[in-house]
Amino acid sequence: RAGSDVTITVGAKNETFALFSAEKPHDWCIPFSVDGNPPPALRWLFNGSALVQGKYIRTKIVEYEHNSTVVHGCLYLNGPTHVNNGNYTLLAHNPLGADARTVLGRFMDNPFTKPRLPSGPVDRTASPPSLQVSVAVALAVFACLFLSIMLIVLNKCGRHSKFGAAVLAQDDDIAMSLHFMNLGSSPQSSAESKLEGLKTNFIENPQYFCDSCVHHIKRRDIVLKWELGEGAFGKVFLAECYNLIPEQEKMLVAVKALKEATESARLDFQREAELLTVLQHEHIVRFYGVCTDGEPLVMVFEYMKHGDLNRFLRSHGPDAKILDNGNGQSFGQLTLSQMLQIATQIASGMVYLASLHFVHRDLATRNCLVGRSLVVKIGDFGMSRDIYSTDYYRVGGRTMLPIRWMPPESILYRKFTAESDIWSFGVVLWEIFTYGKQPWYQLSNTEAIECITQGRELERPRTCPSEVYDIMQGCWQREPQQRQNIKEIHSRLQALVKTPPVYLDVLG
Ligand code: ADP
């Protein structure tokens, strides 16, 4: 940027940000990015006072972005303990401006805090400690004896299945075996009813329980580089990962860090990891595993160089500059053939999901990722979102729905099926041929709901050949059964990729 003030990213203000391994063993990194011209001077505060840097705490610029004034760096802390927990503020200033960002660093809990003793005056009439210990031991022995007798009696009665040990074993069996289970259709077993709470994300999707299949990656093998984006779970970082695949000592990966480790967030995290382990296809983003030794919990994915498809489409629209990215690949404005290639790849991923009877429920270009050579993959399977929040409509409480991508039956009755995914695929096609416009962008959420439920259709985008608009309209049949199936759509798109229709855009 020519002469500009300063902007910093170090995570949102006051956010709890547990940190993980960096360059050397025991080194932790607080990642930051700074943009400014002339290059700004950097200074750190710890809990509001100047942070003294030296051998164990130091700032390092890790990477200078090519052709840009953005720099990425780390505040390295070597072997931090609970005394290093606190607020870290980065101050950056140049002659044109200044900026500051604060994150909360939490490395470990204080190992010396004892359980709280009852407050108030000491009761001097209480029995001496040795007597207390004897009474406690006697009580414990008595309780054990009583329990053993009870267990023997109950075993003889053959009623063990109602008791803890037996039920646990049952649950374990379920947890170990990988199977599809439709929560909606069969009478609920005790294990199924325990899963009631998970329904928000995975209802109507097959449930996969394969805890032992999830690959675990060591935290010291993940070396953070910088932030790529933010999603519902938390931040997404670019990182280097060691010892992931035999052919390469280290490789670039995208790492999703779980924002808050509440019990329900952990449960969702575990579920998503199990599900992702099972979904393997060339057009589904590759999932490498999780890192759960310490905080934050992270998921490790293949790195998709060009980020999410919506952003990619927007930056390759009519105003796109011809940029050479240094690899000899240059993407200017997307051509018809490239748009068809993108659509065909998403359709291929959807054919795979449909073959597993998996209902995505949130298919949209924001949930697809673009890698090198225009490879596109479906990359997101969670339902709730907080970025792109204007794409979602809050329906009472916390439920956010992507109404602009939903067919009438999903809006009216919350019915999500393979056929409702087809409708969304039609909207994705429309997004591709409008270079990432928001469907019904001219309408408010309530107006969009009215239009969709009354049967109005999105208009044919200017650059869209009638052969492709026909496919979109096939996806938008009001009756779910009348919609084309995804295999047919995929074949039609494949045929169009081979012989693209001749199309002249009529400039209006
Ligand atoms: P969440 O599932 O938590 O909502 P997202 O998957 O939407 O998170 O990720 C947020 C952003 O991070 C995306 O919009 C994208 O820009 C970036 N991102 C996510 N995964 C990758 C990846 N594998 N490679 C490159 N960028 C990614």
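The residues of the chain are indexed from 1 along the displayed sequence. The figures here come from the full heavy-atom set of this structure, side chains too, leaving out hydrogens, waters and symmetry mates. One-based numbering, in listed order, for ligands and for the atoms of each.
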So between Leu228, Asp362, Asn367, whose heavy atom ends up nearest atom 26 (N) of ligand 1?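 Closest candidate by heavy-atom distance is Leu228.
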Closest by any non-hydrogen atom to atom 2 (O) of ligand 1: pick that one out of His306, Lys256, Met299.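 Looking at heavy atoms only, Lys256 sits closest to atom 2 (O) of ligand 1.
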Under 3.5 Å, N or O to N or O, is Val236 touching ligand 1 that way?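 No; the residue has no nitrogen or oxygen that sits under 3.5 Å from a nitrogen or oxygen of the ligand.
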Determine, for [X] against [Y], whether the closest basic-nitrogen to carboxylate-oxygen distance falls under 4.0 angstrom.
| X | Y | result |
| --- | --- | --- |
| Glu230 | Lys235 | yes |
| Arg366 | Asp308 | no |
| Arg483 | Glu409 | yes |
| Asp221 | Arg219 | no |

If you measure from each non-hydrogen atom of Glu230 to ligand 1, which part falls under 4.0 Å: side chain, backbone, both or neither?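 Looking at Glu230 and ligand 1, just backbone atoms fall under 4.0 Å.
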Structural part of Glu302 in contact with ligand 1, heavy atom criterion under 4.0 angstrom: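 Glu302 to ligand 1: backbone contact only, side chain stays beyond 4.0 Å.
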Ligand 1 contacted by Lys305 (non-hydrogen, < 4.0 Å):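 In this structure, Lys305 fails to qualify as a contact of ligand 1 - no heavy atom is under 4.0 Å.
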Please list, in number order, the atoms of ligand 1 under 4.0 Å from a heavy atom of Leu369.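 Selected atoms, number and element: 20 (N), 21 (C), 22 (C), 23 (N), 27 (C).
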Rounded to the nearest 0.5 Å, how far apart are CD of Glu302 and CD1 of Ile245?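 Atom-to-atom, Glu302:CD and Ile245:CD1 are 10.5 Å apart.
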We want to know whether Thr69 and Asp35 form a side-chain donor-acceptor pair, criterion being a heavy-atom distance below 3.5 angstrom.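 Per modelled atom types, Thr69 and Asp35 side chains form a pair under 3.5 Å.
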